[in-house]
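Quick notes on the structure that follows.
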Amino acid sequence: MSQIHVTTSINGDQTEFLCEPDETLLDVLRDRLGLTGSKEGCGTGDCGACSVTVDGRVVCSCLMLGAEAEGHDIGTIEGMAEGDKLHPLQEKFLQEAALQCGICTPGILVAAKALLEHNPAPTEEETRYWLAGNLCRCTGYDKIIRAVMDTAEDMRRAS
Amino acid sequence: MRYEAPTTVDAAVEFLASQSGDCHMLAGGTDLLVKLRSEMIEPDAILDIKRIEGMKDITAENGGWRIGAAVSGAEMNEHEALCAAWPGVVEAVGLIGSTQIQGRATLAGNLCNGSPAADSVPAMLAADAIVRIAGPGGVRDVPVGEIPEGPGKTSLKANEFIASIFLPERPARSSDAYLRFIPRTEMDIAVVGCGVSLQLDESGKVARARVALGAVGPKVTLVPEAATAIEGSTLDDAAQAALTAACTSAASPIDDKRGTIAFRKHVAGVLGRRAAKIAFERAGGAA
Amino acid sequence: MALDDRSKTRDFKVIGTRPVRPDGIDKVTGRAKFGADATAPGMLTGRVLRSPHPHARIRRIDASKAEALPGVKAVVTRADFGEVPEDVFDILDNCMAGEKALYDGHAVAAVAASSPAVAKRAAKLIEVEYEPLPHVTDVDEAMKPEAPALHEGRTEETVPEGMSPNVISRVQFGHGDIEAGLAQADRVVERTYRTAATHQGYIEPHACLASMGPDGQADLWCCTQGHYLVRNTCAAILGMEQGQLRVTASEIGGGFGGKTTVFLEPVALALSRKAGRPVKMVMSRSEVLRASGPTASSSVDVRIGMTKDGRITAGFAELRYQGGAYPGSPVDMGSMSAFAPYDLENVRTVGWDIVTNRPKQAAYRAPGAPMAAFAVESAIDELAKGFGLDPLEVRLKNGADEGTKASYGPTYPAIGLMATLEAAKSHPHWSAPLGKGQGRGVACGFWFNFGGDTCVSLNITPDGTVTVSEGNPDIGGSRASMTMMAAEELGIPYDQVRTIIADTGSLGQNEVTDGSRVTFAVGLATIEAARNAKREMCRRAAMVWGIDEEAVVWEDGAARPSGPNAGEHPPMTLAEIAAIASNTGGPIAGHYEVNAEGAGVSFATHMVDVEVDRDTGATKILRYTVFQDAGKAVHPSYVEGQFQGGAVQGIGWALNEEYIYGDDGVLQNPGFLDYRVPVASDLPMIDTVILEIPNPGHPYGVRGVGETSIVPPLAAIANAVSEAAGVRMTDLPMSPPRILAAIENG
Amino acid sequence: MWGSLAEAADGSTEVEIEAGTLRELLDGLAGEYPGLAPELERGISVAIDGRVYNDSWFTPIKPDSEVVLLRRLKGG
């Protein structure tokens with residue numbers, strides 16, 4: 001089994017890696033590139049803890065081969081803050097205690113950011129359905145949904 | 001294992017012909033990767049079709065729409081004209097999995113996976129979709145109903161793959177709808193699925209209908225009795241009752257972890273009735 | 001330690017505010033290191049081979065082909081573990097099967113290899129010869145004398161003779177005369193209630209990284225609710241001295257009780273010992289569901305009598321819990337808590353602990369209590385509604401209060417049940433109109449809350465900031481609470497304190513993060529450690545001032561002369577004292593080590609509105625309000641979070657979650673696709689009302705809040721669904737097929 | 001004492017033991033009612049005047065204290 005050479009952009013940085021043909025993007029990120037912010041909660045696309053963006057679209061990195069990343073722009077939780085400046089969603093999650101254990105948080109933030117880029121004024125129902133693929137077992141989702149909607153409102157006001 | 005991502009149909013067909021072992025097609029990968037990781041399959045090669053020209057395109061053709069095999073559910077849902085023409089098919093695709101799954105999952109993949117519970121298949125069957133298959137002898141078109149053969153089984157040959165799916169021109173005063181039942185509001189496999197496509201005549205009666213059921217038998221099937229039950233009606237109570245009974249009677253499900261026989265038969269009728277009402281209203285029908 | 005007299009009236013500066021948690025930035029940026037995020041030089045990948053049979057004798061294991069595969073560095077089976085002390089035998093046997101595989105997914109061998117791919121291939125090359133045996137997975141079936149027996153000779157003396165060997169123990173609680181009480185009732189409800197086994201469903205699978213050297217010293221990194229327990233258990237299993245094994249708790253991605261034991265850890269240590277290299281092991285989701293601990297499934301008979309004016313005359317419950325393949329279901333806790341919210345003259349519970357061919361149960365949030373409350377609260381609701389009485393009024397009439405002799409024995413001190421019921425009654429939710437097809441349910445719940453062994457070390461740094469080291473993994477924001485209590489006590493800003501979770505080499509023994517004990521017990525120790533540090537700082541100031549240390553008090557973050565010396569010297573701040581610590585005797589610290597006692601029980605009342613689709617049996621949760629006594633809410637946001645999270649886990653348990661076994665004894669839904677935990681779109685916002693009836697056993701009045709919130713939802717939702725569907729639901733989960741069938745059968 | 005303990009203690013739901021501390025109480029119980037030994041060995045919790053204690057031998061017990069023996073508490 002020969003390894004595949006892949007050239008991609010991760011969080012804006014051009015990145016090259018070698019991977020096995022059957023290796024997932026999640027395993028590449030975590031085990032080869034040290035980007036352990038994306039988590040594996042299920043490996044079947046049912047929990048969303050491994051959410052990343054590919055050309056701005058949110059996907060489960062456990063259901064994508066590393067080889068498929070060739071030529072695409074990958075965004076992970078590690079690229080969400082700009083330097084020491086947190087993304088407004090990250091700020092709001094902290095202020096509103098929208099996390100407990102924190103294992104689902106990276107995936108939820110990545111998915112929520114994609115939501116606000118796609119729809120700057122989501123309703124509660126739209127927010128809940130958009131995030132339905134991100135399981136959280138601690139919070140009951142209440143504070144997460146509020147934090148996403150409050151961030152959307154702040155961002156609309158600021159723009 | 002090999003991973004190949006050709007850029008032309010010919011190259012893909014050639015690669016398939018060169019493979020003696022187990023080769024799997026990769027479009028969105030949302031079923032394939034699950035099987036791969038759970039060790040249900042151990043392929044010798046994976047053929048990624050996403051870089052093949054046209055595979056990511058939605059194109060107008062003869063009044064209808066051709067959807068490339070690698071077009072994701074999210075891309076379909078963002079295509080306004082497609083949504084307007086075939087709202088039932090698009091909503092069925094949109095129900096597959098999460099936002100994340102929608103970013104990758106495809107109509108063609110949902111069909112190829114061969115699941116009797118595939119959400120988009122009843123909708124496509126009701127829509128009379130035509131599947132374009134690429135293989136060693138070039139391309140051939142077949143009605144979507146000829147693809148599923150049983151759980152996990154399709155009529156595709158080992159050296160063939162789906163290149164695109166064609167949704168025909170939408171006639172006047174017609175529309176479609178798809179509903180499924182799941183225990184939660186998202187993230188489940190359909191316990192029952194029902195697609196209805198219908199056309200009204202000038203008086204507002206159902207002129208022609210197609211009703212398809214999923215997850216209530218070994219493969220997605222058309223229920224002609226259900227269509228007959230509402231043709232010629234304005235979907236009045238009697239027609240709805242007849243449709244409900246036809247769907248319930250046509251369903252031949254099994255008991256499993258997702259539902260019982262009695263439940264599935266009953267809900268097949270409920271969904272048939274509800275989906276027909278939605279399609280009827282979308283087509284401009286008045287109750 | 002007693003409640004401070006002034007805590008009822010005092011103005012807290014930090015307690016009750018909502019600061020950002022200390023581990024927050026790491027958790028929103030992906031930097032936080034969880035169980036699977038660690039690496040070590042030369043690390044191998046470990047993988048477990050699991051039994052495909054629910055019950056089988058292991059005749060032979062041949063690992064020679066696996067060992068011969070290039071890249072394989074070690075294979076272990078039960079033969080690699082020696083004799084172990086009796087109290088860890090079942091734990092070892094669950095981590096690595098001995099004579100028999102007792103459930104689908106039971107570990108039978110493990111391999112360590114140079115890559116995950118090699119480990120996967122190697123595991124397939126291990127040959128295991130099984131002799132399949134008859135199996136049983138249902139609790140009532142397992143009690144029958146003819147049921148296949150898992151063990152022999154494990155039955156306790158409490159079980160009458162002639163029962164199946166699967167019946168392990170019987171417990172009984174209560175007082176009064178049940179039959180006499182029932183005779184006074186105008187109506188008696190007698191029903192059987194059943195609940196399916198559910199899993200804690202933490203999103204982070206079990207993971208660990210073990211490294212043992214030839215000198216016998218070892219380090220272990222793992223996600224756990226109690227790294228001291230992991231140390232002690234692994235040391236006993238591997239025949240090590242506890243001091244030779246240092247365990248570091250990673251950030252933990254949820255536990256809910258499920259990470260209060262070991263699964264992979266002893267295996268990883270054994271592999272590392274054999275391979276001479278660090279070994280990392282991570283469970284797949286399927287392994288988590290098949291082979292870590294769900295909670296018990298239950299079958300409960302209830303008899304409750306009530307007069308037509310709503311007085312409960314007697315309550316009886318017989319509870320049967322299966323806790324998987326080993327003794328230890330939480331039926332004792334269920335039996336103790338079943339009637340705990342009520343002041344009853346005649347009450348009795350009998351609990352049976354039963355083994356079946358399922359994974360060994362692990363604690364799940366208020367272990368044992370939700371199933372018991374489901375049965376009792378459903379029956380009380382049925383009686384109340386049958387008499388046309390208000391279910392909240394009936395609970396107020398019979399509710400326990402200070403001085404009530406609890407159904408499990410003790411007499412209650414100040415408790416908050418009545419406060420939650422009064423708050424529920426006056427809440428707008430209770431009087432909001434309901435639509436067609438909708439129903440409203442209420443139920444109460446109780447949890448003990450724990451104390452236990454606890455150590456805290458609080459150090460003053462030379463620049464006058466403060467570090468707190470504690471030994472309980474932070475599962476939901478407890479570092480914030482400890483930081484707040486230290487800052488409150490020391491009178492310094494929150495951001496000048498940082499709390500860490502120390503490894504097992506740094507503190508003495510600490511009980512597991514369980515029983516809702518941490519904010520209470522570790523908080524108490526943090527406060528006392530801060531008080532010790534304050535005393536020392538006052539002593540240092542007294543030295544500088546040349547006055548008696550008794551004449552110095554600590555106020556607003558500074559030592560101040562008091563009494564006759566008041567005003568003689570300007571206050572010395574914590575930072576000023578820290579700066580001269582070397583000159584006044586050396587570094588300053590406060591420690592506190594205690595077996596914390598005085599935990600305060602807590603109560604909650606939940607209220608829920610549902611709508612049932614009578615055509616499909618689907619239930620929608622429309623509105624949900626939690627009323628719970630927190631004692632004192634240290635960080636109200638995280639208290640609310642515990643209330644909300646518990647309620648939603650309860651919603652999952654009530655509606656969709658269940659372990660489904662086929663006739664073949666194999667788990668049919670080992671994944672998040674068909675083990676259906678609630679998703680965001682299933683739910684409304686979860687409203688919360690925090691009551692604060694101080695716990696007399698904590699200086700600030702803190703009770704635990706984590707567990708009580710999962711106790712009432714099962715019954716509250718069942719009561720609401722029963723009203724909406726017009727038929728009493730007695731089996732959980734109330735899945736759509738079950739509700740539809742109940743409606744059709746009337 | 002809870003029901004199972006009462007059975008082991010020859011049916012007594014209430015017993016009198018001369019004891020000033022928890023340890024003396026447990027030793028006294030084990031001495032007077034050998035049938036209790038297995039339960040005591042498995043571990044119990046004790047509520048003294050409504051407060052739960054696990055292992056603290058020297059917890060004082062006053063003459064008018066209410067002492068209740070419980071199953072050992074295990075949490076989640």
Side-chain angles (χ1 to χ4, degrees), chain A residues 1 20 22-23 27 30-31 34-47 49 76-78 80-81 86-87 89-91 93-107 109 124-125 127-146, chain C residues 18 20-21 23-34 36-37 39 116-117 200-205 251-256 282 284-286 474-477 480 635 637-638 640-649 651 671-673 677-688:
Chain A
M1 185 152 70
E20 302 292 339
D22 62 352
E23 198 171 338
D27 286 343
R30 289 179 53 83
D31 300 339
L35 296 170
T36 56
S38 305
K39 307 298 180 189
E40 178 165 325
C42 69
T44 50
D46 295 307
C47 82
T76 74
I77 185 64
E78 286 90 348
M80 193 159 168
L86 295 180
H87 185 278
L89 277 164
Q90 293 172 309
E91 288 281 4
F93 269 55
L94 292 179
Q95 282 162 19
E96 299 190 359
L99 61 148
Q100 282 177 34
C101 80
I103 192 89
C104 70
T105 311
L109 286 168
E124 181 187 333
E125 191 178 22
T127 307
R128 286 185 179 278
Y129 275 87
W130 183 275
L131 293 176
N134 289 89
L135 299 183
C136 169
R137 192 61 158 168
C138 293
T139 64
Y141 305 101
D142 182 297
K143 291 183 192 301
I144 291 172
I145 300 300
R146 286 180 203 276
Chain C
R18 300 173 186 241
V20 169
R21 56 197 282 167
D23 53 323
I25 300 253
D26 280 356
K27 286 188 172 162
V28 298
T29 55
R31 289 205 288 261
K33 285 182 82 173
F34 288 85
D37 297 340
T39 55
Q200 299 83 353
Y202 33 82
I203 307 300
E204 180 199 32
E251 292 294 341
I252 176 173
F256 315 106
V282 182
S284 67
R285 176 55 51 186
S286 149
D474 175 355
I475 205 161
H635 192 309
S637 295
Y638 288 102
E640 291 161 3
Q642 290 294 328
F643 290 6
Q644 292 162 337
V648 168
Q649 281 186 318
I651 290 170
F672 276 143
L673 183 61
V677 307
V679 301
S681 50
D682 293 342
L683 300 162
M685 293 298 181
I686 308 293
D687 295 327
T688 57

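Letters A, B, ... are given to chains in the order of the sequence lines, protein chains preceding strands, and every chain is numbered from 1. Only heavy atoms go into these numbers, but all of them, side chains included; no hydrogens, no water, no symmetry mates.
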Measuring heavy-atom distances to chain A, does C:Ser284 have an atom under 4.5 Å in its side chain, in its backbone, in both, or in neither?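 Neither part.
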
Toward chain A, the part of C:Ala32 with a non-hydrogen atom under 4.5 Å: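 Looking at C:Ala32, just its backbone touches chain A.
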
Closest-packed option against chain A by number of heavy-atom pairs under 4.5 Å, given C:Lys33, C:Arg31, C:His635, C:Glu640: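 Ranked by heavy-atom pairs under 4.5 Å with chain A, first place is C:Glu640.
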
With rounding to the nearest 0.5 Å, note down the distance linking [atom1] in [X] to [atom2] in [Y].
X: C:Tyr638; Y: A:Leu99; atom1: OH; atom2: CG; answer: 5.0 Å
X: C:Arg18; Y: A:Glu96; atom1: CZ; atom2: CD; answer: 10.0 Å
X: A:Gln100; Y: C:Gln642; atom1: CD; atom2: CD; answer: 5.0 Å
X: C:Lys27; Y: A:Ile103; atom1: NZ; atom2: CD1; answer: 9.0 Å
X: A:Cys136; Y: C:Ile203; atom1: SG; atom2: CD1; answer: 7.0 Å
X: C:Ile686; Y: A:Asp142; atom1: CD1; atom2: CG; answer: 6.5 Å

Against chain C, label [X] side chain, backbone, both or neither, depending on which of its atoms sit under 4.5 Å from a heavy atom there.
X: A:Thr139; answer: backbone
X: A:Leu135; answer: both
X: A:Phe93; answer: side chain

State whether the side chain of [X] and the backbone N or O of [Y] hold a donor-acceptor pair below 3.5 Å, judged by distance alone.
X: C:Arg285; Y: A:Asp46; result: no
X: A:Gln90; Y: C:Val28; result: yes
X: A:Arg137; Y: C:Gln200; result: yes
X: A:Tyr141; Y: C:Asp682; result: no

State, with a plain yes or no, whether a side-chain heavy atom of [X] is found less than 4.5 Å away from one of [Y].
X: A:Leu86; Y: C:Ile25; value: yes
X: A:Lys39; Y: C:Glu204; value: no
X: C:Phe256; Y: A:Cys138; value: yes

Max heavy-atom pair count under 4.5 Å with chain C, selected residue of A:Cys42, A:Pro106, A:Ala49, A:Gly37: A:Cys42

With chain C, which of A:Gly133, A:Cys101, A:Gly140 has the greatest number of heavy-atom pairs at distances under 4.5 Å?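 Option with the greatest count: A:Cys101.
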
For A:Arg128, which residues count as a salt bridge (charged side-chain N to carboxylate O under 4.0 Å, His left out) partner, sequence neighbours excluded?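 Counting only residues at least two positions away or on another chain, A:Arg128 forms a salt bridge (charged side-chain N to carboxylate O under 4.0 Å, His left out) with A:Glu124.
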
Nearest heavy-atom neighbours spanning C:Pro205 and A:Gly41: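 C:Pro205 and A:Gly41 have their closest heavy atoms at CG-O, 4.0 Å.
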
Who are the side-chain contact (heavy atoms from CB on, under 4.5 Å) partners of C:Val20, not counting sequence neighbours? A:Leu94

Quick one: do C:Leu673 and A:Thr44 satisfy side-chain contact (heavy atoms from CB on, under 4.5 Å)? Show the steps, please. CA-CA 8 Å; C:Leu673 183 61; A:Thr44 50; 5.9 Å; no

